[in-house]
2 protein chains.
Amino acid sequence: MTTTWTSRSKAELPTGLAARLAFRAGLDVPSTVGVAPGFVQANLVVLPRADAHDFLTYCLRNPKPCPLLGFSEPGRWDIPAIGADLDLRTDLPRYRVWRDGVPVDEPQNVAALWRDDLVGFALGCSYSFDDVLAEAGIRLRHAELGVNPPYYVTTIATTPAGRFAGPLIVSMRPLSGADAIRAVLVTARCPHAHGAPVHLGDPAAIGIDLQRPDGGTELPLEAGETPVFWACGVTPETAIRHARPAFCITHMPGAMLLTDLRNSAMALP
Amino acid sequence: MTTTWTSRSKAELPTGLAARLAFRAGLDVPSTVGVAPGFVQANLVVLPRADAHDFLTYCLRNPKPCPLLGFSEPGRWDIPAIGADLDLRTDLPRYRVWRDGVPVDEPQNVAALWRDDLVGFALGCSYSFDDVLAEAGIRLRHAELGVNPPYYVTTIATTPAGRFAGPLIVSMRPLSGADAIRAVLVTARCPHAHGAPVHLGDPAAIGIDLQRPDGGTELPLEAGETPVFWACGVTPETAIRHARPAFCITHMPGAMLLTDLRNSAMALP
């Protein structure tokens, strides 16, 4: 079945746990945008123990694109610190399975593929800070249009760790000057979700042509708007393509892991 | 005598009090930039009691251009909360005397003009946040060139109080994207010195032509730079021109009141 949560009344909106249980039971949604508002959403990366140390190092060296929320013990599918009764094998709407750095399948669960050497990583994601920005009264055109914001490969290199390396990928939101200032302040308080922007203004300064996004939907600037660029979760995906691990599982783009963490509690004072 | 403090070694640099005593003794400097580093500098406005309530209201309604540091009891020339042994009549390098909203004199002290109905207001000034930005490692072209940053009259109206009214005036600093983001964060912690910017990016959105500053020195944008606009202390001066009080004293532009307050202690955590 395919449905959206956003059409429900606020009282019916699920918690992170309720959403996980629904996905575990087979609920299929194209996007987790708007699911369990206020709860932190996460990118998922699952790697064999042999690759896990380098990937963990990569995350710690690149905290803006890869904000580490938690990771599992080798072989275990739970991460108690971020969610009760969490099962990484079944609790996301859809997964992507990678072999040698190439996506090969997009199943609804990965129970049959689980191995006792796998480590699951949960990384903060921009869906959480879009939540925070919207609550701060900042208009987000991509949300109004119901599309994903455009993302771009930059000329900024991430700090490598082992075979994990590659360019910093950024998403772009066009904002008025006053909203850009407010967005810097609001997102700086959210290191769990990419934190403050990495650039604003001239796209060419970081090797970007606004009209040629590498993904998402182009959002032409309107009068008075400045492009504001945040580190993006496509960065670790690109590092995985670069590293070509023999086996890997991630979330399907747009279909995130819902956690029990609350954005309000994760934000810095 | 005319000299600069900035050529001295750090150990010799004066405190706010030492600077005030030197100016009281007759030291004349064209600018207080770099004097008593780390100490908060202030714009001065002195008005008769009859106008003081409206001006105080104007400051409280427009805290970004008019960040109120303190004000004196009617007739008194001290403000103990911001400086020990402070004498508003003598402790600034130079003053401007206004009659009916028009500058008529620029004396080194105003002891002979003092009246027992005068109230002195100390308002935070951008010299303090330039200090903070420089300490945060942000390059400021106007400081490198030894000029004042350009300022502009905007199409944004301040909130009037009595006869005090007028446009918001902003100063502009051209910054790289990364520095603009850092500058937003650093200056937001300094509400005592104009706080976070009021605009960044498209100058036309607030009625500005960058090539036509209303004062200061034009700073053409270099590649990759975004113009960042902060509320400016010329705003209350413009409100005074608009209100045309029968009598008023201010600092001479560039020649500020040094306080005993420290930027580091005034910044929000």
Side-chain angles (χ1 to χ4, degrees), chain A residues 64-65 129 133 136-139 141 152 154-157 168 170-191 194-210 219-231 267-269, chain B residues 64-65 129 133 136 138-139 141 152 154-158 168 170-191 194-210 219-231 267-269:
Chain A
K64 279 200 155 180
F129 79 60
L133 290 173
I138 293 169
R139 283 187 56 189
R141 187 157 330 117
Y152 302 89
T154 72
T155 46
I156 303 168
L168 177 68
V170 295
S171 62
M172 189 283 284
R173 289 157 187 76
L175 297 175
S176 73
D179 277 356
I181 291 160
R182 198 159 160 69
V184 167
L185 295 171
V186 167
T187 58
R189 295 176 54 225
C190 299
H194 303 311
V198 293
H199 182 61
L200 60 75
D202 185 12
I206 57 171
I208 288 176
D209 173 353
L210 282 187
L219 296 173
L221 298 183
E222 295 181 0
E225 288 184 334
T226 294
V228 185
F229 302 93
W230 278 269
L268 300 176
Chain B
K64 280 200 153 179
F129 80 61
L133 289 173
I138 293 169
R139 283 188 56 190
R141 186 155 332 115
Y152 301 90
T154 72
T155 46
I156 302 168
T158 60
L168 177 68
V170 295
S171 62
M172 190 282 285
R173 287 155 187 77
L175 297 174
S176 73
D179 277 357
I181 291 161
R182 198 160 160 68
V184 168
L185 295 171
V186 167
T187 58
R189 295 176 54 224
C190 300
H194 302 312
V198 293
H199 182 61
L200 59 76
D202 184 13
I206 56 172
I208 287 176
D209 173 353
L210 283 187
L219 296 173
L221 298 184
E222 295 181 359
E225 289 184 335
T226 295
V228 185
F229 302 91
W230 278 269
L268 300 176

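- Within residues 220-227 of chain B, the residues that have a heavy atom under 4.5 Å from a heavy atom of chain A are B:A223, B:G224, B:T226, listed by number.
- Between B:A180 and A:L200, the closest heavy-atom pair is CB-CD1, 3.8 Å.
- Heavy atoms of A:A178 lying under 4.5 Å from chain B belong to its backbone as well as its side chain.
- The OH atom of A:Y152 sits 8.0 Å away from atom CG of A:D209, with the distance rounded to the nearest 0.5 Å.
- Looking at A:L175, A:V170, A:V184 one by one, the single match for side chain to side chain contact (heavy atoms under 4.5 Å, CB included) with A:P197 turns out to be A:V184.
- Rounded to the nearest 0.5 Å, atoms CD1 (B:I156) and CD1 (B:I208) are 8.0 Å apart.
- Side-chain atoms of A:T154 come within 3.5 Å of backbone atoms of A:L168 as a donor-acceptor pair (strictly under, hydrogens ignored).
- Looking at B:V198, the atoms closer than 4.5 Å to chain A (heavy atoms on both sides) all sit in the backbone: N, CA, C or O.
- Rounding to the nearest 0.5 angstrom, the gap separating the CZ atom in B:R173 from the CD1 atom in B:I138 is 11.0 Å.
- Annotation for B:V186 and B:C190: closest pair O-SG, 3.7 Å, computed over non-hydrogen atoms.
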